[in-house]
Amino acid sequence: MTENDAAWTSTLTLLTRARDGDREALDALFARYLPALRRWASGRLPRWARDLADTTDLVQDTALQVFKKIEQFEHRGEGAFQAYLRQAVLNRIRNELRSAASRPGRAELDSAAPDESASPLERAIGAQGVERYEAALQRLRDDERELIIARLELGLTYSEIAAATGRPSPDAARMAIGRAIVRLTEGMKDVPGTPA
């Protein structure tokens with residue numbers, strides 16, 4: 001059994017025990033996945049969409065909600081639980097963005113079931129590409145990162161992005177996003193340890 005297999009078996013064991021009501025197993029899962037989930041989510045909620053809670057609070061709250069319904073999770077292989085957690089956080093971020101876009105006139109948003117499929121970005125560039133994308137994304141300026149995440153990961157329209165970021169028009173948002181994507185692409189070529 002490899003080290004990776006042992007870690008996965010351990011996660012499966014913890015998930016099984018947590019489903020059976022073992023509080024220690026639930027705490028161990030929380031301790032195992034929360035730090036990595038926080039790192040992954042860092043910077044994904046743009047400043048303009050933050051309310052009283054920051055990204056760390058959002059991640060912790062989302063993880064708590066997932067763990068409350070742990071019995072609904074169906075593990076389908078290595079990495080499935082981490083992907084499930086990431087998707088739950090991404091759905092929560094999308095809800096926060098929708099909420100921020102609707103301010104000052106608040107409206108109740110119907111919370112839909114989490115989308116368990118791979119994101120369009122993940123389907124397009126694959127796992128290794130996602131790693132290169134993540135590394136290059138972190139090298140960008142905050143405003144460039146926000147534009148790329150809003151368009152590529154969250155699927156916002158140019159009009160929505162223009163309104164949210166204070167740009168004068170959808171075309172201005174489109175051009176700013178285009179420039180940010182060029183910088184991201186250049187940055188992906190420079191990520192050490194991964195083929196371009």
Side-chain angles (χ1 to χ4, degrees), residues 1-46 49-100 108-138 145 148-150 152-155 191 193-194:
M1 179 180 287
T2 68
E3 186 177 311
N4 200 23
D5 290 337
W8 174 236
T9 302
S10 178
T11 297
L12 281 174
T13 302
L14 290 172
L15 281 168
T16 303
R17 287 175 41 206
R19 282 190 187 129
D20 292 338
D22 184 336
R23 180 71 182 168
E24 287 181 17
L26 195 58
D27 290 344
L29 282 169
F30 201 85
R32 177 179 291 179
Y33 285 99
L34 192 61
L37 197 56
R38 283 181 179 146
R39 283 190 302 276
W40 176 81
S42 176
R44 280 193 160 63
L45 183 63
R50 293 181 189 149
D51 198 356
L52 297 175
D54 65 5
T55 306
T56 302
D57 293 336
L58 181 139
V59 168
Q60 185 164 333
D61 183 55
T62 303
L64 284 171
Q65 296 305 314
V66 167
F67 286 125
K68 284 180 184 177
K69 299 176 183 176
I70 194 84
E71 67 280 350
Q72 294 177 0
F73 173 72
E74 180 182 325
H75 57 83
R76 296 181 182 166
E78 184 177 345
F81 190 62
Q82 182 176 11
Y84 183 76
L85 287 170
R86 282 185 177 189
Q87 190 62 52
V89 170
L90 193 56
N91 289 341
R92 176 71 184 272
I93 289 171
R94 286 180 178 139
N95 285 342
E96 290 295 318
L97 289 171
R98 287 184 194 112
S99 179
E108 289 294 317
L109 296 178
D110 183 25
S111 60
D115 180 5
E116 295 178 9
S117 63
S119 72
L121 177 66
E122 290 168 331
R123 286 192 301 270
I125 65 178
Q128 189 177 50
V130 170
E131 290 173 13
R132 290 176 45 230
Y133 165 81
E134 294 284 345
L137 190 64
Q138 293 306 313
R145 187 178 314 114
I148 288 174
I149 289 171
L152 298 182
E153 293 187 28
L154 303 174
V191 173
T194 58

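Once rounded to the nearest 0.5 Å, the distance linking CG of Leu14 with CD of Glu24 reads 10.5 Å. Note that CD of Gln87 is 6.0 Å distant from CZ of Arg94, once rounded to the nearest 0.5 Å. Between atom CG of residue Leu37 and atom CD of residue Gln82 there is a gap of 8.0 Å, rounded to the nearest 0.5 Å. The CZ atom of Arg38 sits 11.5 Å away from the CG atom of Leu58 when rounded to the nearest 0.5 Å.
Thr62 and Val89 make their closest contact through CG2-N, 3.7 Å (heavy atoms, listed as atom of the first residue, atom of the second, distance). Contact record, Pro35 with Phe30: CD-O, 4.2 Å, taken as the closest heavy-atom pair. The heavy-atom pair separating Asp61 from Arg92 by the smallest distance is OD2-NH1, 2.5 Å. Residues Ala25 and Ala18 approach most closely at CB-N, 3.8 Å, considering heavy atoms.
The closest side-chain donor-acceptor pair between Glu153 and Tyr133 falls under 3.5 angstrom.
Taking Arg145 as the reference, Asp142 meet the salt bridge (Lys or Arg N to Asp or Glu O under 4.0 Å) condition, with sequence neighbours excluded. Annotation: salt bridge (Lys or Arg N to Asp or Glu O under 4.0 Å) contacts of Arg17 (sequence neighbours excluded): Asp22.
Of the candidates Leu64, Val59, Leu85, Leu34 forms a side-chain contact (heavy atoms from CB on, under 4.5 Å) with just one, namely Val59.
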